[in-house]
Amino acid sequence: DTEVTQTPKHLVMGMTNKKSLKCEQHMGHRAMYWYKQKAKKPPELMFVYSYEKLSINESVPSRFSPECPNSSLLNLHLHALQPEDSALYLCASSLDPSSGNTIYFGEGSWLTVV
Amino acid sequence: DQQVKQNSPSLSVQEGRISILNCDYTNSMFDYFLWYKKYPAEGPTFLISISSIKDKNEDGRFTVFLNKSAKHLSLHIVPSQPGDSAVYFCAVTGTASKLTFGTGTRLQVTL
């Protein structure tokens with residue numbers, strides 16, 4: 001089983017709203033990731049959590065706030081987003097953060113900011 | 001500065017023939033290489049990987065070749081099937097847990 005589950009699949013939010021994207025995996029993976037993908041572009045790394053601690057923040061604006069409540073869950077809190085933040089947000093996980101481990105992706109959450 | 005490039009944005013192959021997708025990278029510190037398949041508005045699906053200590057890895061119809069001296073990897077799909085039509089991304093990791101994706105190649109397998 002290599003399943004990473006993301007909810008919601010689609011989200012429309014206004015620029016003043018506060019919403020959250022959720023991600024869950026039950027593979028015992030200790031590294032979890034958020035990626036962002038715009039149309040016709042490759043996915044780009046946003047955050048890495050290693051053993052429930054934030055280890056990499058790729059200079060992401062503070063209107064995106066990640067949270068890792070436990071080893072199975074990863075959230076991305078959204079506040080005061082801009083229309084250009086509309087994209088596919090991908091959660092992923094791997095056994096641990098070292099190189100050589102396959103990273104498995106969820107189906108993604110399609111975010112539209114209006 | 002694009003560290004991972006897939007120079008062919010699209011490729012069309014007839015069903016039953018071989019599909020060859022190519023990927024070039026610039027950083028010799030990358031040591032783990034993966035291929036993902038992606039449909040629109042879905043997450044990437046892992047296909048096959050190879051570590052830098054190998055030059056070939058095979059899984060069913062999929063074979064990945066790594067040429068470290070040329071900093072080049074390729075994915076061979078034999079025989080190609082219509083269900084293989086998708087966008088294919090190569091991806092690389094180095095010492096950190098950062099997966100860097102290539103620019104993608106759209107494969108169309110025709111009947």
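Each chain gets a letter, A, B and so on, in the order the sequences are listed, and its residues count up from 1.
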Is there a chain of hydrophobic side chains (I, L, V, M, F, W, Y, each step under 4.5 Å between heavy atoms) that links B:I50 to B:I20? no
Taking C-beta and beyond as the side chain, do A:L88 and B:K38 meet within less than 4.5 Å on heavy atoms? yes
Check whether A:K9 gets within reach of chain B through its side chain, its backbone, both or neither, counting any heavy atom under 4.5 Å. side chain
Between chain A and each of B:F33, B:Y39, B:Y36, B:F30, count heavy-atom pairs under 4.5 Å; write down the option with the most. B:Y36
Given A:G100, A:G108, A:S50, A:G106, the one with more heavy-atom pairs under 4.5 angstrom with chain B than any other is A:G100
Shortest non-hydrogen contact from B:F101 toward A:P43: CD1-O, 3.6 Å
Say whether A:Y104 and B:Y32 are linked into one hydrophobic cluster, either directly or through other cluster members, by side-chain heavy-atom distances under 4.5 angstrom. yes
A:L81 and A:L90: same hydrophobic cluster, using ILVMFWY side-chain contacts below 4.5 Å? no
For the ring pair A:F105 and B:F46, is the centre-to-centre distance below 6.0 Å? no
Answer with yes or no whether the hydrophobic clustering places B:V13 together with B:I77; edges join I, L, V, M, F, W, Y residues whose side-chain heavy atoms lie under 4.5 Å apart. yes
Do B:L99 and A:Y35 touch side chain to side chain, with heavy atoms closer than 4.5 Å? yes
Qualifying residue, where the test is side chain to side chain contact (heavy atoms under 4.5 Å, CB included) with B:S49 and the options are A:N101, A:I103, A:T102: A:T102
At a heavy-atom separation under 4.5 Å, does A:E44 approach chain B through its side chain, its backbone, both, or neither? neither
Should we say atom NZ of A:K38 is surrounded by more than 12 heavy atoms from elsewhere, each under 6.0 Å from it? yes
Are A:W34 and A:L11 connected into the same hydrophobic cluster when the rule is that any two of I, L, V, M, F, W, Y join if their side-chain heavy atoms are below 4.5 Å apart? yes
Tell me if the NZ atom of B:K68 is crowded by more than 12 foreign heavy atoms within 6.0 Å. yes
Indicate the atoms forming the closest heavy-atom contact of A:L45 with B:K98, along with that distance. CD2-CG, 3.7 Å
Any idea which of B:G43, B:G104, B:P44 has the most non-hydrogen atom pairs under 4.5 angstrom with chain A? B:P44
Surrounding CZ of B:R17 (heavy atoms of other residues, nucleotides or ligands, distance under 6.0 Å), is the total greater than 12? no
Please classify the contact of A:Q37 with chain B as side chain, backbone, both or neither, using a heavy-atom distance under 4.5 Å. side chain
